[in-house]
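In this chain, residues are counted from 1 in sequence order. Both counts, for ligands and for their atoms, begin at 1 and track the order of listing.
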Amino acid sequence: MANPAPASFWTQANALFRKNITYQKRNVKTNILLILFPVLLCVLLVVLQRALDRVQSKDNDGNNCVNKSNNEGGANWYTTGDVSKVPVCAVPNPPQWPPFFQLPNLQFSAFQTNILPFSDLQQNKCRAHDKCALIMLFTASNFSFAQSVYGNMFTSPFHIDPTDTMGSLATNVLGTETVQVENIYLEPAFAVDVPIYYLQNKCKLNSTFSITFEEGGVTFDDKEVRCIQCLRLWRNSSSDINSELYQGYYNGNTKGQINEIAAAFDLLNSNENGFNVIIWHTSTKRSDARSINLISNAYLQSVVGPSAKMLFDFVKEMPKHWITSKIDIGSLLGSLLYIWVIMQLFPVILASLVYEKEQKLRLMMQMHGLSHGPYWVISYGYFLTISVIYMLCFVVFGSLLGLSFFRLNDYSVQFVFYFIYINLQISVAFLVSSMFSKVKTATVSAFIVVFSTGLLAGFLSESSVSSSSLPTWWTIVMELYPGFALSRGLYEFADSASNGDGVQWENMTDSTSGMIQVLIIMSVEWIVVLYVAYYIDQGRSPLSFFKRSRKQHSSSTQKLSIGQQLGYNAMVHLQKPDIMQEREKVEQLLLQPTSNHAIVCDELKKVYPGQDGNPEKVAVRGLSLALPQGECFGMLGPNGAGKTSFINMMIGLTKPTAGTAYVQGLDIRNQINEIYTTTGVCPQHDLLWESLTGREHLLFYGRLKNLKGSALTQAVEESLKNLNIFHGGVADKRAGTYSGGMKRRLSVAISLIGDPKVVYMDEPSTGLDPASRNSLWNVIKVAKQDRAIILTTHSMEEAEALCDRLGIFVNGSLQCIGNPTELKSRYGGSYVFTITTHLYHEKNVENMVLQFSPNAKKIYHISGTQKFELPKGEVRISDVFRAVENAKRHFTVSAWGLADTTMEDVFIKVARGAQESIDLS
Ligand SMILES: *[C@@H]1O[C@H](CO)[C@@H](O)[C@H](O)[C@H]1NC(C)=O
Ligand SMILES: *[C@@H]1O[C@H](CO)[C@@H](O)[C@H](O)[C@H]1NC(C)=O
């Protein structure tokens, strides 16, 4: 069958696409879960929103909020006294409360001490009697004017008109120690069981009253109202007042020294024509309006007369609506959760990319002819499809569930934003995947990045975006990191959605909107990252595009260095005519390029540079080898001899340090991609997809080798049958369930599919049972007829059975080369004579051996068993038999044997010889 043309870009893409589809079908559960993740999240958000709405609008069930119509008046905000519902219930008519003057803690009312040495202050003993007065301080530029003002503060005696409690309370100045902490739906002075005070110049006897007050739908019965005296003291200046307030102010440590002053006023330059005042008051959430009214009213009365009154009737909150719908979970939790959801694809993509790298599957595909272009197109396309579906689910479900984050923003803006972002994310994953070799590390790192990006973006970028304190360049620098760009975009969506208008194309150019900026940054980044990732992936520097011209130059210097190597190599090869011969053959072949040789290695050399102070390691020292079509070359050699380095160079995993090789006339240094289409590789370790079946593997690699239609099916069926994978439906079971032997056979089948002209098999029969091994051998025997095979093995039996020629490779160079019979006669020109006697007779045996073979060499002796090498030329086998029979009469011979040399003996001899010559040098 003619070798098919190399697979085109689209054939490769098609092969990979079909394989991926099958692969993804197997992982359908994971994929569905992945895509449903945003749906689940949206459902969770909606459930949360509903639950929140329910809690907020209990009114419909008549539980907490009371949905009375506005005209009914009064309190609409609770029936059971649960004030905590107030913040979420509508309040059309808030209750009215008398305005209160905030009193400090009366227990600590100021008295005269060495800290406050003012003679006009009250005495210490007032505290013991619980009869301390309030202290107010005054100053002004005109003493007599100020005196007339503050004399008018508490003029009316306490009086309650039961028909108008609120109105009559307004003619008094009410005070309370109770602190207002929240709003004034409920005046705590009434709700708490402590007395209310009314301020007077002097308290009379029986000055305590009780009132009934009804407000907010509740009646407060017998509320105690006590008189409290208010001392108003003159101070010379504002700064005197300030220092006195400061000295007396609660310091928390020494109880006896707290001297609190209720309020202080500075009338400044006020007179009949003008009113100008500074007020110091005790600060809580309670409005300070009462102290303003107190001083203003006193001023009015002193200027106009006692009939003029400025009454402060009540205070109340603004009416308010239900605030139920105001809390939009989507926009509130939004950004953080959304960042996590969208970025969640990143670890998935990264893990998938690193998986193919870690399992060397990418390499395997590459070695069978898959080039970078189709791999990128298909992988990128796949990730993009998944991402688009994922984001569609996210947005569609979010919208269906009515989250305004999705509904209010223009869908085309959302599409463009998410589309650019997911492309950027995929490109970054491709770029980052080149830094990882383990899926676990990659996944863990990616999740840490996603998690921390979400948190950081939530707390860092949003606050810096919303505060205008940071310069624009700073936000741009932050947005260069894709996670922050995403968060900024989401922030814009959420922000606009909560304003009610959403991001539209029209309002995107607003100076406050960062959307345009984010879109531009992400688009540019996407293109740059994609470009860099593509070049790094090909093992090239991203700048190599600009450095094309340097290539020629470097190859000419390489030729020079080969020439320099010649002297050294020639010296080594002098002693080995077979190696020399092979070299000459190679040189001949290089002169006539139209040879039919499949592989020609020309002084191939590999040196690993020294690392961490170790000297450089020479793995392959100038290897010359020529393989015609139809030959199987067996490469034998101890572990670490350099076989794998050699194969790695041949299949393009590493570059040769010097020299080169031609596969089908193509140079491995710069035509490796073309070479891949005509080579098959069976790696030492099986590189298979756990979830694909044997048949699917073969179909994929067959397509990569440009097999189509019936030719493909036929090739797959044939190789399944040949390798015994066919029976028992094994071909359609997942490779993950295969035994070691099955996997091995599948790997061999893969290396042979598509009729490659050159096949490398690295220990193909390891782990096979004898029956499978024999069928594998048969396949290889048939396969080698029209192709060249390089096979490494540790089994001499296999080497002899399969290989036309063998080369023993020790310490980086071939020690010998030839067909098995040749090698055996060359290195094993002797018989091996083994004999076991009593230890006592060892010397007798040795003498006997020297008699029939004077040049015999003892190679081994241990407790009576001895092994001799007898040169074939001087020994006659009949002599040996006779001698042993003769010997048996004199002493006991437990066992003896005479054997021709095996390949194993040759191997050991050659390997040892080579080792010794190295040790000598
Ligand atoms: C101070 O006030 C009194 C009475 O209000 C007024 O008669 C007097 O002229 C004022 N003195 C000055 C210096 O303005
Ligand atoms: C306030 O001023 C008057 C008269 O100028 C003076 O007698 C008095 O000592 C001053 N009081 C204080 C506390 O400085």
* Q414 side chain to N409 main-chain N or O, any donor-acceptor pair under 3.5 Å? -> yes

* To do: Ignoring hydrogens and angles, state whether a donor on the side chain of S210 or E224 is under 3.5 Å from an acceptor on the partner side chain.
  => no

* By disulfide bond (SG atoms under 2.5 Å apart), which residues pair with C132, not counting sequence neighbours? -> C126

* **With S148 via side-chain hydrogen bond (donor to acceptor under 3.5 Å, both in side chains) - residues at least two apart** => none

* How would you list, by chain and number, every residue that makes a side-chain contact (heavy atoms from CB on, under 4.5 Å) with N242, sequence neighbours excluded? -> W280

* Could you name the protein residues that come within less than 4.0 Å of ligand 1, counting only heavy atoms, and order them by chain and residue number? => N142, S144, F145, E272

* Apply side chain to side chain contact (heavy atoms under 4.5 Å, CB included) to the pair V173 and R290, showing each step before the final yes or no. => CA-CA 8 Å; V173 180; R290 194 68 191 90; 3.7 Å; yes

